Amino acid sequence: MIDLKYIRANPELIRKAIKNKNEKADLDALLKADEERRSLQYKFDNLKAQQNTVSQVIASKKRAKESAADEIAEMGEVAAEIKSIQTDLSKSNTLVEALLLAIPNIPQADVPIGRDESLNEVIRHEGELPQHDFPLKDHLDIATINSLLDLPRGAKISGSGFPIYTGFGAKLERALINFMLEYHIQKHGYTELMVPLAVNRKTMTGTGQLPKLEEDMYHIDEDDLFLIPTAEVPVTNIYADEVLQYKDLPQKFVAYTPCFRREAGSYGKDTRGLQRLHQFNKVEMVRFVLPEDSEAALCEMLQDAEDILKAFGLHYRVLSLCTGDLSFASQKTYDLEVWAPGSQKYLEVSSVSNFGEFQARRANIRYKDAEGKLRHLHTLNGSGVATPRLMIALLETCQQADGSLKLPDVLRPWLELKI
RNA sequence: GGAGAGGUGACCGAGCUGGCUGAAGGUGUGCGCCUGCUAAGCGUAUGUAGGUGAAAGCUUACCGAGGGUUCGAAUCCCUCCCUCUCCGCCA
């Protein structure tokens, strides 16, 4: 969340950010509620101060075995007034909190302004465009020829969007996950975490999925738990309500998890094969850094994600998301889109974002700086990368005329493990 | 799921027959002093958040969370959460 003092001091800046991000947070309501809250707080403080003072008097009289009946009678009225103001105050606090949680992060100055993804800025292309001298199949045809997937049965047991990987398909999926994990661990210095896949409401609020995206998530009513839409949520929240030492920063974590998304509102869009799923696998990187280091960390993490695509020899492009396509919590995001030659389109496989102190404020993650002052650290995360579209690009890029596959050599050790 | 025990400041740990406790004592840490080394000793300081103020300061809240009783609650009552031990059930 944004510092309320900052919002008070820079309302127009916030208003612009909300507009550029196509959010519908009610800034005016927030400012008004904040003012009301402060005025109630002022009244409350004064009455409390009076009560505290007189309580001292009552206490000392009682100790001296004197009567304090007058004071107690007088305080009866004050107590009633305090109680009533306290009710209003706590309502007011709840309201301010709710409105504040709906204010999105402010895009960084170098983020292109635009209303939707069509205005994202293509920064560069990387990797060779694959050359094939035969008609290309798309990933679903290739998967069928090689018996890699069983989507109908996945749909039968769960619903569409819940894939079954079969035989070599399952092994390949597992190989991709393990390769990426080890790559980030060994070459990029991340520490691996295995984390809960169901998290509570507070955790979902900490990273910014709640309150906005409740409809997009699977919810377990019985325990009020949500299935994670990304490992970002549990990993970033590991330090919620904690204070780290500045010497302990930066910290870099990588986690593989399945991700669950209801994809409400996107039915019928890009649904063929593995393009859009309710459950998919992803290797996610998360960093906790000093505020002054977050911009450099963002570039580094982008490289970390790109290294995976390069290792597979895939063609891809790097986008800087425009304000309208930026997520609620992000202040700057790069997307990686990999080329799927059979489908003839670029597919998003990674999103690398700097959240500044936005998430750290929500989740209350702080660090003690060299002077011993408490400050909010900065958080970042990036997919490194999501498997389904990576699989699409690999299958379509590595296909041969007969539909068989010639996969990158780097995957060999992972596919030929012997026991 | 059942029965007990417990959740206090960076940490350990008192208080829990309501008022003098933002919280003893200890450890740790900062600063100063003392001591010809290491160690020890002495003094002093050391929470977070909100409001107000140029600042010093003043003030409010916070002893797991939320309610309640009371003029007044870390202390009494209720609900919930979490941890530990034992039992049950089950990967």
Side-chain angles (χ1 to χ4, degrees), chain A residues 1-9 30-101 103 194-206 210 219-226 234 237-249 258 357-377:
Chain A
M1 73 180 94
I2 310 287
D3 185 2
L4 190 50
K5 284 184 200 156
Y6 184 83
I7 296 178
R8 238 180 256 150
L30 172 62
L31 292 171
K32 183 159 165 280
D34 174 47
E35 207 161 299
E36 275 169 18
R37 197 207 75 211
R38 277 187 293 162
S39 133
L40 283 168
Q41 181 76 49
Y42 180 75
K43 286 182 198 159
F44 178 79
D45 285 357
N46 283 330
L47 287 168
K48 262 294 190 181
Q50 187 190 348
Q51 186 181 63
N52 288 344
T53 316
V54 179
S55 280
Q56 301 290 333
V57 175
I58 295 172
S60 63
K61 282 202 169 184
K62 290 237 166 181
R63 253 176 276 129
K65 308 276 191 240
E66 292 171 29
S67 164
D70 290 351
E71 285 83 357
I72 289 175
E74 180 196 348
M75 282 304 101
E77 291 168 34
V78 174
E81 206 175 336
I82 286 175
K83 187 168 271 183
S84 123
I85 288 186
Q86 190 163 30
T87 308
D88 294 344
L89 184 58
S90 95
K91 274 187 204 148
S92 188
N93 277 324
T94 308
L95 179 62
V96 170
E97 179 82 350
L99 290 166
L100 184 58
L101 285 174
I103 304 284
M194 291 199 97
V195 295
L197 306 181
V199 303
N200 60 32
R201 200 166 274 281
K202 180 171 182 284
T203 299
M204 277 298 180
T205 307
L210 288 180
H219 183 250
I220 302 159
D221 291 334
E222 192 74 34
D223 302 296
D224 198 20
L225 292 174
F226 296 86
N237 276 285
I238 59 171
Y239 288 133
D241 294 318
E242 292 192 35
V243 176
L244 307 183
Q245 298 302 319
Y246 73 96
K247 294 191 205 80
D248 298 334
L249 297 172
E357 63 171 36
F358 189 80
Q359 293 181 328
R361 251 180 208 286
R362 289 186 157 233
N364 191 27
I365 308 171
R366 295 175 295 175
Y367 73 98
K368 204 167 249 186
D369 69 15
E371 281 84 53
K373 288 193 69 171
L374 289 176
R375 308 179 58 177
H376 292 279
L377 50 72

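Naming: A, B, ... by sequence-line order, numbering from 1 per chain. Basis for what follows: all heavy atoms, side chains included, without hydrogens, waters or symmetry-related copies. Since the model is a prediction, treat every value here as computed from it, not as a measurement.
Counting any heavy atom pair closer than 4.0 Å across all strands shown, A/K83 reaches sugar-phosphate atoms only and no base atom. A/K62 comes within contact range of at least one nucleobase, with a heavy-atom separation under 4.0 Å. Within the 4.0 angstrom heavy-atom criterion, only backbone atoms of the sugar-phosphate kind lie near A/K5; the bases stay farther away.
Taking atom C1' on both B/A5 and B/G9, the two are 23 Å apart, rounded to the nearest angstrom. With both ends at atom P, the span from B/G4 to B/C77 equals 15 Å, rounded to whole Å. Atom P of B/C34 sits at a distance of 45 Å from the matching atom of B/G53, rounded to the whole Å. Comparing B/G26 with B/G41, their P atoms are spaced 12 Å from each other, to the whole Å. Distance noted for atom P between B/G88 and B/C82: 23 Å (whole Å). Going from the P atom of B/G30 to that of B/A39 covers 13 Å, rounded to whole Å. Between the C1' atoms of B/A10 and B/G22, the separation comes to 16 Å (whole Å). Across the P atoms, B/U79 and B/A24 are found 32 Å apart, a figure rounded to whole Å.
Side-chain contact check for A/Q51 and A/K48: at least one donor-acceptor pair (N or O, by modelled atom type) lies under 3.5 Å. Inspection of the A/Q41 and A/D45 side chains reveals an N or O donor paired with an N or O acceptor under 3.5 Å. Counted by atom type alone, A/N200 and A/T203 present one or more donor-acceptor pairs between their side chains at under 3.5 Å.
Not one side-chain nitrogen or oxygen of A/R366 sits closer than 4.0 Å to the OP1 or OP2 atom of B/G47. Look at A/R8 and you'll find a side-chain N or O under 4.0 angstrom from OP1 or OP2 of B/G51. OP1 or OP2 of B/G72 has not a single side-chain nitrogen or oxygen of A/N52 nearer than 4.0 Å. Dashed line: the shortest gap from a side-chain N or O of A/K48 to OP1 or OP2 of B/A61 is under 4.0 Å. An OP1 or OP2 oxygen of B/U52 is reached within less than 4.0 angstrom by a side-chain nitrogen or oxygen of A/R38.
Pairs of Watson-Crick or G-U wobble type, with distances under 3.5 Å, assemble into runs of 3 or more in RNA chain B at these ranges: B:1-7 with B:81-87, B:10-12 with B:25-27, B:28-33 with B:41-46, B:47-52 with B:57-62, B:64-68 with B:76-80.
Whole-Å rounding puts the A/E36 CD to B/G50 P distance at 20 Å. Between A/I82 atom CD1 and B/G72 atom P the separation is 8 Å, expressed in whole Å. Spacing between atom CG of A/L40 and atom P of B/U60 amounts to 18 Å, rounded to whole angstrom units. Rounding to whole angstrom units, CD1 of residue A/I365 and C1' of B/A49 are separated by 18 Å. Atom CD in A/Q51 sits roughly 16 Å away from atom P in B/U59 (whole-Å rounding).
Both A/S90 and A/I72 lie near RNA chain B, and the one whose nearest nucleotide falls closer to the 5' end is A/S90. Of the two residues contacting RNA chain B, namely A/I58 and A/L374, the nearest-nucleotide position lying further toward the 5' end is that of A/L374.
Using a cut-off of 4.0 Å between Lys/Arg side-chain N and Asp/Glu carboxylate O, A/K202 and A/D241 are scored as salt-bridged.
Nearest nucleotide to the side chain of A/Y42, out of B/A61, B/G51, B/C20: B/G51. When distances are taken from the side chain of A/A79 to each of B/G51, B/C20, B/C71, the shortest belongs to B/C71. Here B/G51 is the nucleotide among B/G72, B/G51, B/U60 with the atom lying nearest to any side-chain atom of A/R37.
Counting only distance, with no hydrogens or angles, the side chain of A/T87 and the backbone of A/K83 share a donor-acceptor pair below 3.5 Å.
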Inset, instruction - I would like to know whether A/L31 and A/I7 meet side chain to side chain contact (heavy atoms under 4.5 Å, CB included); could you show each step before the answer? - result: CA-CA 8 Å; A/L31 292 171; A/I7 296 178; 4.2 Å; yes

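Across A/A33 and A/L99, no two heavy atoms sit closer than the pair CB-CD1, 4.0 Å.
Note that CG of A/N237 is 8.0 Å distant from CD of A/Q359, once rounded to the nearest 0.5 Å.
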